[in-house]
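Below you'll find the structure, written out as structure tokens, and then a few comments.
When reading the values below, keep in mind they use all heavy atoms of this one structure, side chains included, and skip hydrogens, waters and symmetry mates. Residue numbers begin at 1 in each chain, while the letters A, B, ... track the order of the sequences.
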Number of protein chains: 2
Amino acid sequence: MARTQGSHSDITGPRIHKAALKLFAQHGYAAVSMRQIAGEVGVQAGALYNYTPDKQSLLFHLMHGHMDDLLSARAGSKRVKDALENLRQFVGFHIRFHLERPDEVFIAYMELRNLTPENFAAIEALRRTYENDLEGILRDGVAQGVFAVPDTKVATLAVIAMLNGVNTWYRSGGRLSLDQVETIYWDMVRKAVAL
Amino acid sequence: MARTQGSHSDITGPRIHKAALKLFAQHGYAAVSMRQIAGEVGVQAGALYNYTPDKQSLLFHLMHGHMDDLLSARAGSKRVKDALENLRQFVGFHIRFHLERPDEVFIAYMELRNLTPENFAAIEALRRTYENDLEGILRDGVAQGVFAVPDTKVATLAVIAMLNGVNTWYRSGGRLSLDQVETIYWDMVRKAVAL
DNA sequence: GTCTATACCAAGATAGAC
DNA sequence: GTCTATCTTGGTATAGAC
């Protein structure tokens with residue numbers, strides 16, 4: 001039987017972040033009210049402020065946590081000597097990581113302008129770190145003579161933009177399996193940077 | 001000398017749309033108030049309702065106008081027999097058209113979820129038309145044996161996603177000229193769909 | 001066509017009881 | 001830790017004077 005009062009502190013915090021994640025992704029940060037989030041969790045709006053100082057912190061927490069997850073997961077990938085293999089590994093990692101977290105990814109790209117300047121700078125720095133990882137791979141490949149890209153920075157952004165596009169259309173259970181998607185994109189990326 | 005009262009009807013309408021465009025692109029539809037838009041134009045909030053029935057119509061007008069511009073401009077491009085040449089032309093057109101209208105483009109991608117379902121469907125249909133144009137080129141190329149893409153639909157979305165990425169970083173007067181950007185992206189797209 | 005004034009409602013956030 | 005109640009602000013939209 002559902003309680004309408006009393007303490008739920010053991011799970012409320014995470015539930016608030018989950019609800020905010022879902023609602024921000026669905027309607028956008030600015031369009032979602034603290035009351036909506038509270039309603040989704042099943043508490044009153046005032047109770048949210050036991051877990052977050054304000055709405056902005058809620059957004060920042062979600063985005064920062066996502067970027068931390070991304071960089072941690074990526075840090076677990078081993079680099080080898082062969083740049084082509086590193087690139088193949090990056091493409092697979094990127095697609096899978098992002099498809100597993102559509103809401104987080106959506107927010108991370110759409111809500112940047114709703115961050116305060118300080119929070120924005122922090123997220124941007126993390127994003128830059130991730131991009132530099134890929135750029136390093138491309139630079140290695142150019143140095144090794146296995147890639148031909150006129151500008152590694154632009155190529156980095158182009159590859160990431162292309163891969164991010166997957167999230168806008170892929171639905172599990174659809175026409176293509178995850179493996180097929182990965183193969184298709186790897187094929188295009190590989191050729192795009194090829195000699 | 002600035003008037004604080006009186007009729008400005010000859011220019012107010014377009015100025016409202018310009019102000020809304022700028023503010024929506026900067027802060028997001030949901031975060032911008034009618035009062036802000038009015039302030040940017042230099043009228044009182046109530047006056048806006050002589051030009052638009054509501055805020056939603058303002059957004060829809062901007063997005064629909066942008067998609068109409070896109071399709072009209074694209075319709076002016078001549079198709080030739082050579083698929084490779086058509087693709088080259090498409091890439092150049094897309095980059096230039098979109099870089100000339102960063103605010104409109106930004107809104108067209110970011111504010112889709114703030115459209116009512118009916119308005120969303122209308123915009124989606126126009127976007128689909130544009131995508132089908134590119135997909136037709138890719139299909140021709142595959143039929144002619146000059147392109148190798150495992151899936152024309154996915155390749156279409158991948159190419160567009162890659163090209164759209166330009167808008168997130170390109171600034172005129174920066175390190176690269178528009179011609180250089182176009183060359184770099186054409187190089188990658190060409191190779192990505194090559195045999 | 002724009003103004004001032006306002007109706008009406010919902011926002012973020014806080015206070016104090018339990 | 002959550003509730004109810006409320007403060008304060010600002011939102012969209014409308015009415016009626018000029």
Indicate yes or no for a side-chain donor-acceptor contact from [X] to the backbone of [Y] under 3.5 Å, with no hydrogens or angles considered.
| X | Y | result |
| --- | --- | --- |
| A:Arg113 | B:Ala25 | yes |
| B:Gln36 | B:Ser33 | yes |
| A:Lys18 | A:Val41 | no |

How long is the line joining [atom1] of [X] and [atom2] of [N], in whole Å?
| X | N | atom1 | atom2 | result |
| --- | --- | --- | --- | --- |
| B:Gln56 | D:dG11 | CD | P | 18 Å |
| A:Ile37 | C:dG12 | CD1 | P | 8 Å |
| A:Arg35 | D:dT6 | CZ | P | 13 Å |
| A:Met34 | C:dA10 | CE | P | 18 Å |
| A:Leu23 | C:dG12 | CG | P | 12 Å |
| B:Leu58 | D:dA13 | CG | P | 10 Å |
| B:Tyr29 | D:dG11 | OH | P | 14 Å |
| B:His27 | D:dG10 | NE2 | P | 15 Å |

Which of the following nucleotides, [options], is nearest to the side chain of [X]?
| X | options | answer |
| --- | --- | --- |
| A:Gln44 | D:dT12, D:dT2, D:dT4 | D:dT4 |
| A:Tyr51 | D:dG1, D:dC3, C:dG1 | D:dG1 |
| B:Asn50 | C:dC3, C:dG12, C:dG1 | C:dG1 |
| B:Lys55 | D:dT12, C:dC3, D:dT2 | D:dT12 |
| A:Ser33 | C:dG12, C:dT4, D:dT14 | C:dG12 |
| B:Asp54 | D:dA13, D:dC3, C:dT2 | D:dA13 |
| A:Thr12 | C:dC3, D:dT2, C:dA13 | D:dT2 |

Kindly indicate whether a cation-pi arrangement holds for A:Arg96 with A:Phe93, taking the cut-offs as under 6.0 Å to the six-membered ring centre and within 45° of the axis.
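Output no; distance or angle outside limits.
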
Please tell me whether B:His98 and B:Tyr170 form a close aromatic pair, meaning their ring centres lie under 6.0 Å apart.
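No, the ring centres sit 6.0 Å or more apart.
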
Rounded to the nearest 0.5 Å, what's the gap from CD1 on A:Ile107 to NE2 on A:His66? Could you check?
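The NE2 atom of A:His66 is 9.5 Å from CD1 of A:Ile107, to the nearest 0.5 Å.
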
Describe the nucleic acid contact of B:Val41 in one word from base, sugar-phosphate, nothing, applying a heavy-atom distance below 4.0 Å.
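B:Val41: no heavy atom of the nucleic acid under 4.0 Å.
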
A:His64 and A:Asn119: side chain donor to acceptor below 3.5 Å:
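No, no side-chain donor-acceptor contact under 3.5 Å.
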
What are the atom names and distances for every N/O pair under 3.5 Å that joins the protein to nucleotides 15-17 of chain C?
none

